[in-house]
Amino acid sequence: MSVTVRFAPSPTGGLHIGGVRTALYNYLFAKKHQGRFILRIEDTDQTRFVEGAEQYIIDSLKWCGIEFTEGVHLGGTCEPYRQSERKALYAQYAKELVEKGAAYYAFDTPEELDEMRTRLEASGVKSPQYNSITRNTMKNSLSLPQEETQRRLDAGDPYVLRLKVPRKEEVRFHDEVRGWVVIHSSQVDDKVLVKSDGMPTYHMANVIDDHTMGVTHVIRGEEWLSSTPLHVLLYRAFGWENTMPKFAHLPLILKPEGTGKLSKRDADKFPQFPLEWTDAEGKTFKGFRELGYLPEALMNFLALLGWNPGGDEEIMDMNRLIEAFSLEKIGKSGTKYDLAKADWFNQIYLRKKEDSDLLPQVQLELEKAGLGRRDEAFVLKVISLLKDRVTFIREFVHHGRYFFETPATFDEDMKKSKWNEHCPNWMREISGVWEGLEDWTHASMDAAFKAWAVQAGIGAGKVLPALRLAVTGMSFGPSTFDVAELIGKAETLKRLRFAAENI
RNA sequence: GUCCCGUUCGUCUAGGGGUUAGGACAACUCCCUUUCACGGAGUAAACAGGGGUUCAAUUCCCCUACGGGAUACCA
């Protein structure tokens, strides 16, 4: 059977980094096996629905380079792909479960449920459950006389459907990353399958969808490991156990500091969203895109967060990741979210790009910084001079302002340590020497400068820092001669004379 | 509390009954560069603890500790 996987987020907000990684692993696995990859929207909780979230998820994944073969935005043979539009299907299967005696109606109000829990706790039960024992004391179609159940149903009393979890049954399943997991059915409670608003819960919708969509591998976060026995029980109840998908539970991404799993609530502390996201309160969070991360760098970083092919190889583009990916090599332990390495990946991928690929974004950054749009050839040269020195595209501005405007201020530390009382004169002399230059190149400037230094009896090392300060206003950067060559003779001489008067 | 999962340098990880426990990021040092990066060479840095099994355990088993997850009519 061909591989079918799915990514099934809830449209409850911005897609966070953990979700992106889950989607990525599913994508890599699907591609590797030339299988189907479905985008399904799990919107069964109408109270948590967030407008725009679905489109955001689609846009984000697209930016990441994660592509689906079918789904809510593409259509496909298993439509609809939005769970809220599959209600009729779930109702039909729910009915089947009741008829089989695998599920039952429960009429208990939230207050009665609370009461049951406090009563049980008072009598020493550590974790009160609605289960094979306690369900007899509650109001449901198992404990109530049949006529009473029917009467309530006919009267339109609110009810939920619960799974009748067997009292003594061993549930075991093989997890592709963790091996065999065994749990006794007594640990599983009679979970709600259909809520009183008629919507299925995640558990039921998930099982029905995965089955009807032909999903072969469920690759999801570890937070689902605990409820997998319930899902197995559901497959069993439906009689689908022999075609049950394989499970692979991914280690969680943990907060970089302190403890706990990463959550969207931490988004103001460190970037978590692929694209800029504005939440319900109107708070806007920058995405990786806005922060200047390259999607290929992000994907490489994310792929290696919890998975490793087993060697020293680290720089892997999407094709290479697909080729190397396997479920067995997924790690078991949680992983701290430390972006330092992501920055390094970004630097690597930035350097791999052609200067011309960087041009549009650099131009954009220049414009944003108020430096205007410049001649392409000129900017291209700036890029080649600066590319090895930056991690993010936006840094071209910070590192290279002086290419676009005459420096108005000069680095203070540099001034203190390298600018002495002779400097103004030196600058004037150098500008005089350079003024006579026929060709304005790095080489000719260098030669003229050295000749002047020798003749004046001054060590080049004494003057060069001052020269840099005069031309760029900064303490670091490419060779001053390169800068001078690019900005041109007139501008360079102007800067030298300005510096002589003003530093 | 209970159940489940986990634990190798600060971080991401490789490895696996006998290894000088490997790599990468970050840090630091040196070289290159009359700057800053890049590049190169180094330094420091880890098998959670205790019991077994074994000639031998970081690797297998058990316990403890610690971390995480789940315990909803959320996903």
Side-chain angles (χ1 to χ4, degrees), chain A residues 8-12 19 42-48 83 106 108-110 113 117 121 124-130 158-162 175 177-179 181-184 186-189 191-203 205-206 220-230 249 251-252 254-256 259-261 301 304-315 329 331-345 347 351 385-391 399 414 418 453 459-465 467-469 472 474-480:
Chain A
S10 290
T12 55
E42 310 225 327
D43 57 348
T44 54
D45 186 357
Q46 294 168 324
T47 64
R48 294 209 306 157
Q83 288 186 331
D108 317 275
T109 63
L113 254 19
R117 284 176 193 126
E121 266 164 28
V125 179
K126 289 83 62 188
S127 46
Q129 284 189 327
Y130 204 118
Y159 66 88
V160 299
L161 193 71
R162 284 181 183 271
D175 187 275
V177 349
R178 269 148 236 279
V181 178
V182 186
I183 195 168
H184 196 86
S186 61
Q187 302 298 333
V188 183
D189 61 349
K191 276 272 179 310
V192 169
L193 264 22
V194 178
K195 298 180 267 191
S196 54
D197 66 357
M199 275 292 195
T201 56
Y202 168 84
H203 303 107
N206 190 261
R220 70 214 322 184
E222 201 196 72
E223 68 266 31
W224 295 110
L225 188 62
S226 312
S227 36
T228 305
L230 170 74
H249 288 94
L252 262 15
L254 276 15
K255 298 177 206 247
T259 58
K261 111 173 146 158
F301 166 72
L304 259 16
L305 211 59
W307 170 82
N308 189 290
D312 290 343
E313 190 181 4
E314 295 208 273
I315 307 298
K329 289 290 190 179
K332 294 174 175 51
S333 41
T335 276
K336 289 214 169 134
Y337 185 55
D338 180 4
L339 243 22
K341 198 144 186 176
D343 291 358
W344 175 71
F345 276 114
Q347 193 183 115
R351 248 184 280 145
L385 248 22
L386 257 27
K387 199 162 73 169
D388 278 351
R389 289 156 226 268
V390 320
T391 300
H399 280 74
M414 196 67 173
K418 304 290 180 191
K462 287 245 174 223
V463 197
L464 242 18
L467 195 60
R468 167 180 304 283
L469 187 66
T472 71
M474 301 183 75
S475 60
F476 58 86
S479 157
T480 307

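Atoms considered below: every heavy atom in the structure, side chains included; atoms not considered: hydrogens, waters and symmetry mates. Just so we're on the same page: letters track the sequence lines, and every chain starts at 1.
The gap from the C1' atom of B/G17 to that of B/C47 amounts to 14 Å, rounded to the nearest Å. Straight-line distance between the P atoms of B/U19 and B/C5: roughly 32 Å, to the nearest whole Å. For B/C63 and B/A24, the P atoms lie 39 Å apart once the distance is rounded to whole Å. Rounded to the nearest Å, the gap between the C1' atom of B/G15 and that of B/C9 is 15 Å. B/A21 and B/C25: their P atoms are spaced 22 Å apart (whole Å). Comparing the P positions of B/U20 and B/C36 gives an interatomic distance of 40 Å, to the nearest angstrom. B/C4 and B/U64 have their P atoms separated by 13 Å, given to the nearest Å. Across B/G49 and B/C66, the matching P atoms stand 15 Å from one another, rounded to whole Å.
Listed pair A/K329 / B/G15 meets the phosphate criterion, a side-chain N or O lying under 4.0 Å from OP1 or OP2.
With a cut-off of 3.5 Å on both Watson-Crick or G-U wobble distances, the partner of B/G67 is given as B/C5. Remark: B/U33 base-pairs with no nucleotide in the shown strands. Criterion, Watson-Crick or G-U wobble with two distances under 3.5 Å. In this entry B/U20 has no Watson-Crick or G-U wobble partner, no candidate having both defining distances under 3.5 Å. In this entry B/G10 has B/C25 as its Watson-Crick or G-U wobble partner, both defining distances falling under 3.5 Å.
Between A/F345 and A/I315, some side-chain heavy-atom pair lies under the 4.5 Å cut-off. A heavy-atom distance below 4.5 Å is not found between the side chains of A/H249 and A/V177. Two residues are said to be in side-chain contact when any heavy atoms from C-beta on lie closer than 4.5 Å; A/E42 and A/S10 meet this criterion. Residues A/T201 and A/K195 have side chains in contact (heavy-atom distance under 4.5 Å, counting atoms from C-beta outward). Contact check for A/R220 versus A/N206: side-chain heavy atoms found under the 4.5 Å cut-off. In this structure, the side chains of A/L469 and A/K418 stay at 4.5 Å or more apart for every pair of heavy atoms. Residues A/Q83 and A/Y202 are not in side-chain contact: their nearest non-hydrogen atoms beyond the backbone lie 4.5 Å or more apart.
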**Report entry** Protein proximity profile, nucleotides 69-75 of chain B - base contact B, sugar-phosphate-only contact S, no contact -, cut-off 4.0 Å on heavy atoms
**Finding:** BS--BBB
Report summary line: Counting primed atoms, P, OP1 and OP2 as sugar-phosphate and everything else as base, the B/S/- map of nucleotides 36-47 of chain B against protein heavy atoms under 4.0 Å is BSSS--------
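Side-chain proximity of A/T335 to the nucleotides B/G6, B/C4, B/C12 is greatest for B/C12.
Mapping A/G331 and A/S479 onto RNA chain B by nearest heavy atom places A/G331 at the nucleotide closer to the 5' end. Residue whose closest nucleotide on RNA chain B sits further toward the 5' end, between A/V181 and A/M414: A/V181.
Separating the NZ atom of A/K332 from the C1' atom of B/C12 is a distance of 17 Å, rounded to the nearest angstrom. With rounding to whole Å, A/W344 atom CH2 is found 14 Å from B/G23 atom P. Across the protein-nucleic acid pair, A/L305 atom CG and B/C12 atom P stand 8 Å apart, rounded to whole Å. In this structure, A/D338 atom CG and B/C12 atom P are separated by 8 Å, rounded to whole Å. Atom CZ in A/R220 sits roughly 16 Å away from atom P in B/C5 (whole-Å rounding). Whole-Å rounding puts the A/Q187 CD to B/C3 P distance at 7 Å. Atom P of nucleotide B/C12 and atom CG of A/N308 are separated by 13 Å, given to the nearest angstrom. Between the P atom of B/G67 and the NZ atom of A/K336 lies a distance of 11 Å, rounded to the nearest Å.
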For nucleotides 32-34 of chain B, tabulate all protein N/O to nucleotide N/O atom pairs closer than 3.5 Å, reporting atom names and distance.
unit_1, atom_1, unit_2, atom_2, d
B/U34, N3, A/G461, N, 3.1
B/U34, O4, A/A460, N, 3.4

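Residue contacts shown for A/R178 are limited to sugar-phosphate atoms, with no base heavy atom under 4.0 Å away.
Smallest separation of non-hydrogen atoms from A/L386 and A/P478: CD1-CG, 3.7 Å. The shortest heavy-atom contact between A/Q46 and A/D43 is CG-O, 4.4 Å. The nearest pair of heavy atoms linking A/L252 to A/E222 is CD1-N, 3.5 Å.
A salt bridge is absent between A/K341 and A/D343: the closest approach of a Lys/Arg side-chain nitrogen to an acidic carboxylate oxygen does not fall below 4.0 angstrom.
Remark: the backbone N or O of A/P128 is not paired with any side-chain donor or acceptor of A/E121 at under 3.5 angstrom. Side chain of A/S196 to main chain of A/P158: no donor-acceptor pair is present (N/O by atom type, distance under 3.5 Å, no hydrogens or angles).
Note: A/W224 and A/H203 have perpendicular aromatic rings, judged against thresholds of 30 and 60 degrees for the angle between ring planes.
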